[in-house]
Each structure stands twice: as structure tokens, then as C-alpha cells.
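The structure appears right after this line, and notes come after that.
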Amino acid sequence: PAAPRRPTVDLAFMRARAARRPDDAQARRDRALAELVAPGGDLAFAERELPGLPPDARVWFARGLLASQRGDFDGALAA
């Protein structure tokens, strides 16, 4: 028997999931991170959303990455 197929997870999926679950911090985090790396992502959305998310290693890394891209190296280290 064939293994069950996993659903396709792409930016549209992440956006839809976050829209269905506006109070779910994990769905919001996953969308913000996807916006950073997926083709067609919305960097401005990620920059607005990341500061309001509960901190974890992925969020800290993304905040540092954005600060570094703006030339704010002290802010990148502090993230």
C-alpha cells in the first residue's frame, strides 16, 4: 500500500490557516516566517507581525535577520 500523501504546505495554505485562526499564535508565527522565505512572500507583513508574536528561537532568528538586512547589527544581536 502507498503511504498517505501529506497535504501541500505553501504560502497560500499558511495564509488561509492564519486567517481561519486569528487567535492562534502558532498559525500567525508560521505565516510570518513563510512570508519571509516563500516565493511571493510579503516582507512588510512579516515585519509588522513578528514583533507581536510570542518569542521562540524561530521568531528571534527572523527578527535578527530582518534587523541585519536593515543594517541594524546591534539590533540583530539583541534579537
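The first residue in the sequence is number 1, and the count goes up from there. Quick caveat, the model's predicted, so the values are computed rather than measured.
- The two atoms that bring Leu33 and Arg58 nearest to each other are CD1-CB, 3.7 Å, heavy atoms only.
- Within 6.0 Å of the CZ atom in Phe61, the count of heavy atoms belonging to other residues, nucleotides or ligands does not exceed 12.
- Cluster annotation: Leu53 and Val37 are assigned to the same hydrophobic cluster (Ile/Leu/Val/Met/Phe/Trp/Tyr, side-chain heavy-atom contacts under 4.5 Å, transitive).
- Within the model, atoms CZ of Arg21 and CG of Asp30 stand 9.5 Å from one another, a figure rounded to the nearest 0.5 Å.
- Taking all atoms of both residues into account, the shortest heavy-atom contact from Ala27 to Arg17 is CA-NH2, 3.4 Å.
- Under the side chain to side chain contact (heavy atoms under 4.5 Å, CB included) rule, Leu50 has a single partner from Glu35, Arg29, Arg28, Arg63, which is Arg63.
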Show me the donor-acceptor pairs within less than 3.5 Å that the side chains of residues 69-79 make with the rest of the protein, sequence neighbours left out.
unit_1: Arg70; atom_1: NH1; unit_2: Glu47; atom_2: OE2; d: 3.3
unit_1: Asp72; atom_1: OD1; unit_2: Gly75; atom_2: N; d: 2.8

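- The structure places CG of Leu66 at 5.0 Å from CG of Leu36, a figure rounded to the nearest 0.5 Å.
- When all heavy atoms of Met14 and Ala34 are compared, the closest pair comes out as CG-CB, 4.0 Å.
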